[in-house]
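The block underneath contains the structure these notes are about, expressed in structure tokens.
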Amino acid sequence: MDVSVKRSSKVELLCPKTNFQNECREPSIMMKFIPTRAAGLAVMQAFTPAMGHSYETRRNYDYGLGKHSSVSVLSPYIRRRLVTEQELVAAALALHGPQVANTYIEEVIWRGYFKGWLERRPQVWDSYVEGLKADLMSLKRDRRMRRDVDFATSGQSGIDCFDMWAQELVETGYLHNHARMWFASIWIFTLGLPWRLGADFFFRHLLDGDAASNTLGWRWVAGLHTRGKPYPARPQNIEMFTSGRFAPQHNDLAEVTQGLEATEPDGLPTLMPIRAVRAPQTGVTTALLITDEDCNLEDFDLSNLNICSVATLTCSHLRSPLTVAEDVLAFEIGALADAAKRQNVTPVCLTASDPECLANWMAGTGAKQLLTPFVTRGPLRDWLDQAELILTARGLSISEYRRDWDDAIWPHATAGFFKIRKNIPQILAQTVLA
């Protein structure tokens, strides 16, 4: 690809304190989380032997900071598709077969389920955004709530396990999935804090922060996703699956008898069709946009397109009206730089601020269409919707590529996970086994 673009500044590609394997807690010698495809593939290769019986029996155990050996900790890579879900499932099937790897495959497919569910009910994302604005306004007015939220997010709630998870999240940008559920349950039902403020705290700090998984995960714990079935953080469960590191007393945690479904008396919104994809036109001068929605452009055939310029777009700051963690911003910059490097280009570096920046960049390149991998519901999609209005007014268009993996899963993401589960053989036949 021969493109003439300005050189970006050099970016440090290491983010502090990751947890791929057993590590000492001493920060100076903790392993670095390297935001490149090569690093993600190395982690995948190392974890593949554990994708079978080991994962099935040990995945729920949270051994603590730097000791997450029972799970892959690949989620920051999967989130940006530096490593794809299809690659993970293929690796699991090749070594373990469908029966032994079944639990791991289901967990990988959960991400696709949540993404598709939110695509089918985008109103839930819109409701989250508006609800968060209202909660943040209430936080400004309510001194007691502000104090309680500050104690919770700084690890000073007085509940040992919760405080340790809050600190681990801020320090590392990662939490074990089981710890995320316990944390959310305690936040909502024991501390009595607004669930959207907790979801925002996660979204601002998680390296793998994803609009669908984060929003729907918190809604699931609250009893809003599977309505009337909230997730309780039980002391005996926490003690068992932290191997005794924490042993909260029964009176430390609230008894969860009812979720928050009364706050949404109208129930779930109407199911919507999956948004259509506009394929790029050949013979039209094209500008390629790389975002952290998908940093693996090698999977798309760009050979028949007239690509005149390439840009990366940083957007992690859009996750919240509050400040997003520096580690999240740095990981995104590193992933985008790696994606461009693998395309053998030096891109223009754009930031998702004024949506006119896309149109202005395209005007300078002479491109008539913008091409990017499909952007799902979330803050970047909201921003691109604004940008598309400006592009259309200038006679420009946005085209997208959507992966076969998403096309295979999303039509089934209409209700609970059961419909996805029973269609897993068909999903694998359409993708990994095709």
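Keep in mind it's a predicted model, so treat the numbers as computed, not measured.
Each salt bridge (Lys or Arg N to Asp or Glu O under 4.0 Å) pair with one or both residues in residues 182-195, not counting sequence neighbours, would appear here, but there are none. Among residue pairs with one or both ends in residues 382-391, those qualifying as side-chain hydrogen bond (donor to acceptor under 3.5 Å, both in side chains) are W125-D382, R381-D385; sequence neighbours excluded. Counting only residues at least two apart or in different chains, salt bridge (Lys or Arg N to Asp or Glu O under 4.0 Å) contacts with residues 217-228 comprise R219-E264, R227-E264. Among pairs with a residue in residues 419-434, those fulfilling salt bridge (Lys or Arg N to Asp or Glu O under 4.0 Å) read E106-R421, at least two apart in sequence or across chains.
A distance below 6.0 Å separates the ring centres of F183 and F162. Ring centroid separation for the pair H225 and W117 comes in under the 6.0 Å cut-off. Residues W218 and Y231 keep their aromatic ring centres 6.0 Å or farther apart.
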TODO: Go through the steps for D407 and R402 under the test salt bridge (charged side-chain N to carboxylate O under 4.0 Å, His left out), then give the verdict.
DONE: CA-CA 7 Å; D407 283 336; R402 188 163 62 216; 2.7 Å; yes
Task: Intermediate values then yes/no, side chain to side chain contact (heavy atoms under 4.5 Å, CB included), I186 and L253 - done: CA-CA 7 Å; I186 294 170; L253 307 181; 3.9 Å; yes
Task: side chain to side chain donor-acceptor pair (under 3.5 Å) between W165 and D62, worked out - done: CA-CA 11 Å; W165 294 322; D62 175 13; 3.2 Å; yes
TODO: Show your working on side chain to side chain donor-acceptor pair (under 3.5 Å) between E119 and T376 and close with a plain yes or no.
DONE: CA-CA 7 Å; E119 287 299 304; T376 53; 4.5 Å; no
Open item on the list: Could you walk me through whether S316 and E332 satisfy the side chain to side chain donor-acceptor pair (under 3.5 Å) test, starting with their C-alpha distance in whole Å, then the side-chain angles of each, then the deciding distance to 0.1 Å, before giving a yes or no?
Closed with: CA-CA 7 Å; S316 289; E332 178 193 30; 3.1 Å; yes
TODO: Before giving the answer on ring-ring contact (aromatic ring centres under 6.0 Å, His included), spell out for Y61 and H178 the whole-Å C-alpha distance, their side-chain angles and the decisive distance to 0.1 Å.
DONE: CA-CA 8 Å; Y61 285 88; H178 217 154; 8.6 Å; no
- [ ] List the steps and the verdict of side chain to side chain contact (heavy atoms under 4.5 Å, CB included) for V73 and Y174.
- [x] CA-CA 8 Å; V73 198; Y174 179 82; 3.7 Å; yes
Open item on the list: Y401 vs F374, test: side chain to side chain contact (heavy atoms under 4.5 Å, CB included). Steps then yes/no.
Closed with: CA-CA 5 Å; Y401 283 134; F374 191 89; over 6 Å; no
Open item on the list: Go through it in stages, so that I can follow the logic: the residues are L65 and T172, the test is side chain to side chain contact (heavy atoms under 4.5 Å, CB included), and I'd like the CA-CA distance, side-chain angles, deciding distance and then a yes or no.
Closed with: CA-CA 8 Å; L65 176 63; T172 71; 3.2 Å; yes
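The closest donor-acceptor contact from the side chain of R377 to the backbone of L118 lies at 3.5 Å or more, if one exists at all. In this structure, the side chain of E168 does not engage the main chain of G64 through any donor-acceptor pair within 3.5 Å. The main-chain N or O of G209 is found under 3.5 Å from a side-chain atom of R79 such that the two form a donor-acceptor pair. Of the possible polar contacts, none joining the T226 side chain to the K229 backbone as a donor-acceptor pair under 3.5 Å is found. Between the T351 side chain and the S353 main chain, no donor and acceptor come within less than 3.5 Å of each other.
With a 4.5 Å cut-off on side-chain heavy atoms, Y77 and R37 do not count as touching. Taking 4.5 Å as the limit, some side-chain heavy atom of C295 sits within range of a side-chain heavy atom of L336. At least one side-chain heavy atom of D338 sits under 4.5 Å from a side-chain heavy atom of L82. A 4.5 Å side-chain heavy-atom check between V221 and W187 finds every atom pair outside the cut-off. Looking at heavy atoms from C-beta onward, V89 lies out of side-chain contact with Q86 at the 4.5 angstrom threshold. For the pair L288 and L297, the minimum side-chain heavy-atom distance is below 4.5 Å. Between W405 and V432, some side-chain heavy-atom pair lies under the 4.5 Å cut-off. Proximity of I109 to I424: side-chain heavy atoms (C-beta onward) are separated by under 4.5 Å at one or more points.
By the side chain to side chain contact (heavy atoms under 4.5 Å, CB included) test, S213 pairs with R111, F114, D210, sequence neighbours left out. For D299, the salt bridge (Lys or Arg N to Asp or Glu O under 4.0 Å) partners are R403, not counting sequence neighbours. The side chain to side chain contact (heavy atoms under 4.5 Å, CB included) test applied to E107 returns Y55, R59, W110, not counting sequence neighbours. Residues passing the ring pair (Phe, Tyr, Trp, His ring centres under 6.0 Å) test with H412: none are found, sequence neighbours excluded. Looking at residues two or more places apart in sequence or on another chain, you find a side chain to side chain contact (heavy atoms under 4.5 Å, CB included) between R58 and S54, Y63, S69, S70.
Contact detail for I420 and I409: the closest heavy-atom pair is CD1-O, 3.6 Å. Of all the heavy atoms in V71 and H176, the pair that sits closest is CG1-NE2, 3.9 Å.
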Show every donor-acceptor pair shorter than 3.5 Å between a side-chain atom in residues 95-104 and any protein atom, with sequence neighbours excluded, or say none if there are none.
residue	atom	partner	partner atom	Å
H96	NE2	T48	O	2.8

Return a table of donor-acceptor pairs under 3.5 angstrom between the side chains of residues 152-160 and protein atoms on other chains or two or more places apart.
residue	atom	partner	partner atom	Å
T153	OG1	V149	O	2.9
T153	OG1	D150	O	3.4
S154	OG	D150	O	2.6
S154	OG	F151	O	3.4
S154	OG	Q156	NE2	2.8
S157	OG	I159	N	3.1
S157	OG	D163	OD1	2.6

Output side-chain donor-acceptor pairs under 3.5 Å for residues 195-208, partner residues at least two apart or in another chain, one line each.
residue	atom	partner	partner atom	Å
D200	OD1	S320	OG	2.6
D200	OD2	R204	NE	2.9
D200	OD2	S320	OG	3.3
D208	OD1	R180	NH1	3.2
D208	OD2	S75	OG	2.6
D208	OD2	R180	NH1	3.4
D208	OD2	R180	NH2	2.7

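Using a 4.0 Å cut-off between a side-chain N of Lys or Arg and a carboxylate O of Asp or Glu, E298 and R342 qualify as a salt bridge. Taking a cutoff of 4.0 Å between a charged side-chain nitrogen and a carboxylate oxygen, R234 and E239 do not qualify as a salt bridge.
Checking N360 against R394 by side-chain atom types alone, a donor-acceptor pair falls below 3.5 Å.
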